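Because the structure is a prediction, the values reported are computed rather than measured. Lettering follows sequence order; numbering is per chain, from 1.
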Amino acid sequence: MTAPLPESFYRRNTVEVARSLLGMRLVRMLGGLRLSGLITEAEAYRGEEDLACHARAGRTPRNAVMYGPPGRAYVYFTYGMHWMLNCVTEEEGFPAAVLLRAVWVDEGREVVAARRPKALPEHWTDGPAKLCQAFQIDRRLNGAALTGPLDGLWIEAGPGFPDEQVSIGARVGLGGTPEPWLSMPWRFKVKRPPLS
DNA sequence: AGCACGATTAACT
DNA sequence: GTTAATCGTGCTC
(Lines give C-alpha, C1' and ligand atoms only; values in the text may rest on other atoms or scores of the structure.)
Protein backbone atom coordinates (compact mmCIF):
# COMPACT_ATOMS: atom_id res chain seq x y z
CA MET A 1 0.00 0.00 0.00
CA THR A 2 1.38 3.32 -1.07
CA ALA A 3 0.81 6.53 0.80
CA PRO A 4 0.19 9.95 -0.77
CA LEU A 5 3.35 11.97 -1.33
CA PRO A 6 3.99 14.20 1.73
CA GLU A 7 3.88 17.97 1.82
CA SER A 8 7.70 18.03 1.80
CA PHE A 9 7.65 16.67 -1.75
CA TYR A 10 5.88 19.84 -2.89
CA ARG A 11 7.73 22.27 -0.62
CA ARG A 12 10.64 22.57 -3.05
CA ASN A 13 11.62 24.51 -6.15
CA THR A 14 8.69 24.24 -8.54
CA VAL A 15 10.82 23.21 -11.52
CA GLU A 16 12.28 20.32 -9.51
CA VAL A 17 8.82 19.26 -8.44
CA ALA A 18 7.59 19.31 -12.04
CA ARG A 19 10.43 17.02 -13.12
CA SER A 20 9.94 14.77 -10.10
CA LEU A 21 6.24 14.33 -10.79
CA LEU A 22 6.88 12.44 -14.01
CA GLY A 23 6.26 8.78 -13.26
CA MET A 24 4.37 9.49 -10.06
CA ARG A 25 0.83 8.16 -9.80
CA LEU A 26 -2.23 10.42 -9.88
CA VAL A 27 -5.07 8.72 -7.99
CA ARG A 28 -8.76 9.59 -8.09
CA MET A 29 -11.49 7.87 -6.08
CA LEU A 30 -14.78 7.95 -7.96
CA GLY A 31 -17.90 6.15 -6.83
CA GLY A 32 -15.84 3.79 -4.67
CA LEU A 33 -13.62 2.93 -7.62
CA ARG A 34 -9.96 3.78 -7.85
CA LEU A 35 -8.69 5.45 -11.02
CA SER A 36 -5.02 6.12 -11.49
CA GLY A 37 -2.48 7.11 -14.08
CA LEU A 38 1.24 7.76 -14.33
CA ILE A 39 2.03 11.43 -14.86
CA THR A 40 3.76 11.89 -18.23
CA GLU A 41 3.78 15.66 -18.73
CA ALA A 42 4.03 18.63 -16.35
CA GLU A 43 4.89 22.33 -16.43
CA ALA A 44 6.19 24.67 -13.72
CA TYR A 45 4.65 28.11 -13.06
CA ARG A 46 6.66 30.00 -10.51
CA GLY A 47 6.04 33.28 -8.70
CA GLU A 48 4.72 36.72 -9.54
CA GLU A 49 7.79 37.43 -11.66
CA ASP A 50 6.91 34.60 -14.04
CA LEU A 51 4.70 36.44 -16.53
CA ALA A 52 3.15 33.17 -17.67
CA CYS A 53 1.97 32.38 -14.14
CA HIS A 54 -1.54 33.25 -13.01
CA ALA A 55 0.03 35.04 -10.05
CA ARG A 56 1.73 37.60 -12.35
CA ALA A 57 -0.75 40.33 -11.32
CA GLY A 58 -0.67 39.44 -7.64
CA ARG A 59 -3.15 37.63 -5.48
CA THR A 60 -6.75 37.40 -6.71
CA PRO A 61 -9.70 35.23 -5.68
CA ARG A 62 -8.94 32.90 -8.57
CA ASN A 63 -5.26 32.24 -7.83
CA ALA A 64 -5.43 32.45 -4.02
CA VAL A 65 -4.79 28.72 -3.59
CA MET A 66 -1.36 29.14 -5.19
CA TYR A 67 -0.38 31.37 -2.27
CA GLY A 68 -1.42 28.74 0.25
CA PRO A 69 0.42 25.70 1.60
CA PRO A 70 2.08 23.26 -0.80
CA GLY A 71 0.49 19.95 -1.68
CA ARG A 72 -2.93 21.38 -2.48
CA ALA A 73 -4.77 21.22 -5.80
CA TYR A 74 -5.16 24.46 -7.75
CA VAL A 75 -8.02 23.80 -10.18
CA TYR A 76 -9.08 26.57 -12.52
CA PHE A 77 -11.50 27.06 -15.38
CA THR A 78 -10.54 28.43 -18.78
CA TYR A 79 -11.70 28.80 -22.39
CA GLY A 80 -15.28 28.77 -21.13
CA MET A 81 -15.32 25.00 -20.84
CA HIS A 82 -12.11 23.43 -19.56
CA TRP A 83 -10.69 22.62 -16.13
CA MET A 84 -6.97 22.37 -15.37
CA LEU A 85 -5.29 20.60 -12.46
CA ASN A 86 -2.19 21.99 -10.74
CA CYS A 87 -0.22 21.02 -7.62
CA VAL A 88 0.69 23.94 -5.37
CA THR A 89 4.40 24.09 -4.57
CA GLU A 90 7.04 25.92 -2.49
CA GLU A 91 6.64 27.70 0.83
CA GLU A 92 3.27 29.08 1.81
CA GLY A 93 3.07 32.68 0.64
CA PHE A 94 5.08 32.09 -2.54
CA PRO A 95 2.66 31.55 -5.44
CA ALA A 96 3.71 28.60 -7.59
CA ALA A 97 2.25 25.41 -9.00
CA VAL A 98 2.81 22.56 -11.44
CA LEU A 99 0.27 22.06 -14.22
CA LEU A 100 -0.41 18.38 -14.88
CA ARG A 101 -0.71 18.11 -18.65
CA ALA A 102 -0.93 14.38 -19.30
CA VAL A 103 -1.14 10.99 -17.64
CA TRP A 104 -1.15 7.43 -18.85
CA VAL A 105 -4.23 5.70 -17.46
CA ASP A 106 -3.53 2.57 -15.46
CA GLU A 107 -6.29 1.61 -13.01
CA GLY A 108 -9.94 2.20 -13.90
CA ARG A 109 -9.63 2.11 -17.68
CA GLU A 110 -13.28 1.10 -18.08
CA VAL A 111 -14.45 4.15 -16.16
CA VAL A 112 -12.22 6.46 -18.16
CA ALA A 113 -13.39 4.89 -21.41
CA ALA A 114 -16.96 5.75 -20.40
CA ARG A 115 -16.00 9.32 -19.49
CA ARG A 116 -14.10 9.87 -22.78
CA PRO A 117 -16.48 8.05 -25.15
CA LYS A 118 -15.40 9.72 -28.37
CA ALA A 119 -11.66 9.49 -27.81
CA LEU A 120 -9.23 6.69 -28.58
CA PRO A 121 -7.34 5.35 -25.52
CA GLU A 122 -4.13 7.13 -26.52
CA HIS A 123 -6.05 10.42 -26.44
CA TRP A 124 -8.02 9.85 -23.24
CA THR A 125 -5.69 11.91 -21.05
CA ASP A 126 -3.04 13.46 -23.31
CA GLY A 127 -3.99 17.03 -22.49
CA PRO A 128 -4.57 19.03 -19.28
CA ALA A 129 -8.30 19.44 -19.84
CA LYS A 130 -8.65 15.87 -21.07
CA LEU A 131 -7.25 14.39 -17.88
CA CYS A 132 -9.60 16.52 -15.82
CA GLN A 133 -12.52 15.29 -17.89
CA ALA A 134 -11.38 11.68 -17.57
CA PHE A 135 -10.88 11.87 -13.79
CA GLN A 136 -13.84 14.15 -13.09
CA ILE A 137 -11.80 17.02 -11.72
CA ASP A 138 -13.50 20.40 -11.47
CA ARG A 139 -14.10 23.41 -9.21
CA ARG A 140 -15.02 21.22 -6.24
CA LEU A 141 -11.42 20.03 -5.99
CA ASN A 142 -9.87 23.49 -5.92
CA GLY A 143 -7.88 23.63 -2.69
CA ALA A 144 -8.12 19.88 -2.08
CA ALA A 145 -5.25 18.32 -0.12
CA LEU A 146 -3.24 16.01 -2.36
CA THR A 147 -1.32 14.78 0.68
CA GLY A 148 -4.14 12.63 2.04
CA PRO A 149 -7.11 10.53 0.92
CA LEU A 150 -9.89 12.70 2.32
CA ASP A 151 -10.67 14.65 -0.84
CA GLY A 152 -10.51 11.64 -3.16
CA LEU A 153 -7.57 13.01 -5.14
CA TRP A 154 -3.89 12.48 -4.38
CA ILE A 155 -0.52 11.57 -5.84
CA GLU A 156 1.52 8.50 -4.83
CA ALA A 157 5.10 7.56 -5.44
CA GLY A 158 5.54 5.71 -8.72
CA PRO A 159 8.31 4.19 -10.79
CA GLY A 160 9.49 7.54 -12.14
CA PHE A 161 11.23 7.99 -15.49
CA PRO A 162 14.98 8.22 -16.21
CA ASP A 163 16.34 11.37 -17.83
CA GLU A 164 16.84 9.57 -21.16
CA GLN A 165 13.05 9.29 -21.50
CA VAL A 166 12.29 12.90 -20.59
CA SER A 167 12.28 15.83 -22.99
CA ILE A 168 12.59 19.35 -21.61
CA GLY A 169 11.27 22.41 -23.41
CA ALA A 170 9.32 25.64 -23.31
CA ARG A 171 5.85 25.73 -21.85
CA VAL A 172 2.99 25.71 -24.35
CA GLY A 173 -0.11 27.81 -24.88
CA LEU A 174 1.41 30.98 -23.45
CA GLY A 175 0.22 33.32 -26.21
CA GLY A 176 1.99 36.66 -26.07
CA THR A 177 3.95 36.05 -22.88
CA PRO A 178 7.23 38.01 -23.13
CA GLU A 179 10.71 36.58 -22.86
CA PRO A 180 12.42 35.14 -21.00
CA TRP A 181 9.32 33.50 -19.59
CA LEU A 182 8.04 32.31 -22.95
CA SER A 183 11.13 30.16 -23.46
CA MET A 184 11.87 28.99 -19.94
CA PRO A 185 12.56 25.22 -20.13
CA TRP A 186 9.94 24.39 -17.56
CA ARG A 187 7.97 21.76 -19.48
CA PHE A 188 8.79 18.12 -18.80
CA LYS A 189 7.41 15.40 -21.02
CA VAL A 190 7.95 11.68 -21.29
CA LYS A 191 9.09 10.96 -24.84
CA ARG A 192 7.23 7.69 -25.13
CA PRO A 193 4.29 6.76 -22.92
CA PRO A 194 4.85 3.43 -21.17
CA LEU A 195 3.41 0.54 -23.10
CA SER A 196 0.78 -1.64 -21.58
C1' DA B 1 -21.48 47.48 -16.61
C1' DG B 2 -18.91 46.13 -20.48
C1' DC B 3 -15.25 43.76 -22.74
C1' DA B 4 -11.23 41.04 -24.40
C1' DC B 5 -9.10 36.93 -23.63
C1' DG B 6 -7.55 32.47 -21.92
C1' DA B 7 -1.63 27.27 -18.98
C1' DT B 8 -7.59 23.95 -24.72
C1' DT B 9 -10.11 20.72 -27.50
C1' DA B 10 -12.50 18.76 -31.30
C1' DA B 11 -14.11 19.26 -35.65
C1' DC B 12 -13.45 21.30 -39.82
C1' DT B 13 -11.22 22.69 -44.86
C1' DG C 1 -3.61 24.48 -40.85
C1' DT C 2 -7.85 26.92 -39.21
C1' DT C 3 -11.60 27.85 -36.24
C1' DA C 4 -15.85 27.58 -33.22
C1' DA C 5 -17.17 26.50 -28.70
C1' DT C 6 -18.23 28.97 -24.26
C1' DC C 7 -17.88 31.71 -19.73
C1' DG C 8 -15.16 33.16 -15.49
C1' DT C 9 -11.89 36.52 -14.52
C1' DG C 10 -9.60 40.79 -14.24
C1' DC C 11 -9.15 45.18 -16.30
C1' DT C 12 -11.07 49.56 -18.18
C1' DC C 13 -14.63 53.03 -18.41
With 3.5 Å as the limit, what N/O pairs link the protein to nucleotides 10-13 of chain C?
from	atom 1	to	atom 2	distance (Å)
C:dG10	OP1	A:Thr60	OG1	2.2

Row check, A:Tyr45 ring normal vs A:Arg171 NZ/CZ: under 6.0 Å, within 45°: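 Judged by the rule (NZ or CZ under 6.0 Å from the ring centre, within 45° of its axis), A:Arg171 counts as positioned above A:Tyr45.
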
Taking the six-membered ring of A:Phe9 as reference, does the cationic atom of A:Arg12 (NZ for Lys, CZ for Arg) lie under 6.0 Å from its centre and within 45° of its axis?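 Judged by the rule, A:Arg12 and A:Phe9 form a cation-pi pair.
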
Report yes or no: do [X] and [Y] form a side-chain donor-acceptor pair below 3.5 Å?
X        : Y        : value
A:Arg115 : A:Gln136 : yes
A:Glu122 : A:Trp124 : no
A:Thr147 : A:Glu7   : no

With a 4.0 Å cut-off on heavy atoms, is [X] in touch with a base, just the backbone sugar-phosphate, or nothing at all?
X       : answer
A:Ala52 : base
A:Met81 : base
A:Phe77 : sugar-phosphate

| task | Measure up the A:Tyr76 and A:His54 rings against each other and bin them: parallel (under 30°), tilted (30 to 60°), perpendicular (over 60°). | result |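 Perpendicular, since the angle between the ring planes exceeds 60°.
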
Distance between C1' atoms of C:dT3 and B:dC5 (Å, rounded):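 Going atom to atom, C1' in each nucleotide, I get 16 Å.
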
Whole-Å distance between [N] [atom2] and [X] [atom1]?
X        : N     : atom1 : atom2 : answer
A:Trp83  : C:dC7 : CH2   : P     : 12 Å
A:Trp181 : B:dA7 : CH2   : C1'   : 16 Å
A:Arg56  : B:dC5 : CZ    : P     : 13 Å
A:Leu51  : B:dG6 : CG    : C1'   : 16 Å
A:Leu174 : B:dT8 : CG    : C1'   : 13 Å
A:Leu85  : B:dT8 : CG    : C1'   : 15 Å
A:Arg139 : C:dC7 : CZ    : P     : 13 Å
A:Met84  : B:dG6 : CE    : P     : 13 Å

Salt-bridge criterion met for [X] and [Y] (N-O under 4.0 Å):
X        : Y        : value
A:Glu91  : A:Arg11  : yes
A:Glu107 : A:Arg34  : yes
A:Arg140 : A:Asp151 : no

### Side-chain N or O of A:Arg187 closer than 4.0 Å to phosphate OP1/OP2 of B:dA7
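Checking A:Arg187 against B:dA7: no side-chain N or O falls below 4.0 Å of OP1 or OP2.
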
Q. Does B:dG6 have OP1 or OP2 sitting under 4.0 Å from an N or O in the side chain of A:His82?
A.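 A:His82 to B:dG6 OP1/OP2: no side-chain N or O under 4.0 Å.
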
Is the backbone N or O of A:Ala97 less than 3.5 Å from a side-chain atom of A:Asn86, with the two atoms forming a donor-acceptor pair by type?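 No, the answer is negative, given that no donor and acceptor are paired below the 3.5 Å cut-off.
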
Between protein and nucleotides 10-13 of chain B, what N or O pairs are separated by less than 3.5 Å?
from	atom 1	to	atom 2	distance (Å)
B:dA10	OP1	A:Arg116	NH1	3.0
B:dA10	OP1	A:Arg116	NH2	3.1
B:dA10	OP2	A:Lys130	NZ	3.4

Quiz prompt | A:Tyr79 over C:dA5, stacked by centroid distance under 5.5 Å, angle under 30° | solution =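 Stack criterion not met.
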
Check: Which base sits across from B:dA7 as a Watson-Crick or G-U pair, both distances under 3.5 Å?
Finding: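 Here B:dA7 is not engaged in any pair, so there is no nucleotide opposite it.
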
